Amino acid sequence: MSKHLQQPRSLDVPQRAPGLHWGIKDSFLDYVASTRDGQCTVGGGASPSPSGVFLFEPDRLARSAWPERRFTGEVRFEAHGGMLFVRVVDPWISVEDGQGVLSVLDPDSPDAQARLTLATFALDVALIDPEQPWAVSDVRLAAAGTSIFDDVYPEREPFAPLLVVPGHSHPGRPAVERDQNAIALDSVGRGANAEQEEEEA
Ligand code: HEM
């Protein structure tokens, strides 16, 4: 792993901070961390949370109606001298054909606004109170999302559980950091559903 990793400036994100809390995939983070030059970088509204998942902040400019929820931020992984270059940017949650969808900006499209479906999950919106946090444990890689990981994972590969905490960022918090912050990979991605476990305890 790269020796010049900086400590993130926002490791103290409150566990109940509004936004999308998502660990992406533990084994992928472990894999990147195990490479000689593996790096993880966050920025633009994304930060690592103390429980080991990434927090994508709510998009304050978005005017989306439930069940759509828009979040901002980028988590980037690099390894193998740049041959591995994976970006997870601005995730949105929506419901399509009765199924939960997690989409992200399409990293390979010339259209900067183009999105692709990264993962899907079962979601019964009738059972969710949009004002309360809610979580999904069975998150699966969508067919379109396989390209982000160079087709190493097959469609329906299990990904990390996700937690949505409604609301806006705390007024007292620093403004969203637009800089990219390199973070130590062993500080994130462990215990992807730790927040849910804490709540259940
Ligand atoms: C020089 C190029 C590369 C080499 C030598 C390499 C090597 C490897 C090796 C040895 C593994 C198995 C790791 C293990 O099971 O412990 C692996 C897994 C993997 N590689 Fe690469 N890789 C390369 C490029 C890439 C690229 C460009 C991607 C694109 C995203 C990628 C994505 C993955 C993924 C997703 C896994 C599975 C990780 C998991 O266990 O969840 N690799 N790679």
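Treat the numbers as computed from the prediction; the structure is a model and nothing was measured. Every number for a ligand or one of its atoms is a count from 1 in the order of the listing.
Less than 4.0 angstrom separates some heavy atom of V152 from each of these atoms of ligand 1: 32 (C), 33 (C), 34 (C), 35 (C), 36 (C), 37 (C). The V86 neighbourhood of ligand 1 comprises atoms 30 (C), with distances under 4.0 Å to a heavy atom of that residue. For ligand 1 and F28, the ligand atoms under 4.0 Å from any heavy atom of the residue are 35 (C), 41 (O). Close contacts of ligand 1 with F149, meaning ligand atoms under 4.0 Å from a residue heavy atom, involve 30 (C).
By the 30° and 60° cut-offs, the orientation of the rings of Y31 relative to H80 is tilted.
Atom 5 (C) of ligand 1 has H80 CE1, 3.9 Å as its closest protein atom, hydrogens excluded (heavy atom only). Protein heavy atom nearest atom 38 (C) of ligand 1, with residue, atom name and distance: Y153 OH, 3.3 Å.
Taking the centre of each ring, F149 and F159 come in below the 6.0 Å mark.
Between D150 and ligand 1, no N or O atom pair is found at a separation short of 3.5 Å. Here's the thing with K25: none of its N/O atoms is less than 3.5 angstrom from an N/O atom of ligand 1.
E78 contributes atom CD, which lies 13.5 Å from atom CE of M83 (distance to the nearest 0.5 angstrom).
Hydrophobic clustering places L141 together with W22 (ILVMFWY residues linked when any side-chain heavy atoms are closer than 4.5 Å, directly or through intermediates).
Distance check for atom 32 (C) of ligand 1: a protein heavy atom is found below 4.0 Å.
Residues R115 and L105 approach most closely at NH1-CD2, 3.7 Å, considering heavy atoms.
By the criterion of a heavy-atom distance under 4.0 Å, the side chain of Y31, and not its backbone, is placed next to ligand 1. With a 4.0 Å cut-off on non-hydrogen atoms, F85 does not touch ligand 1 at all.
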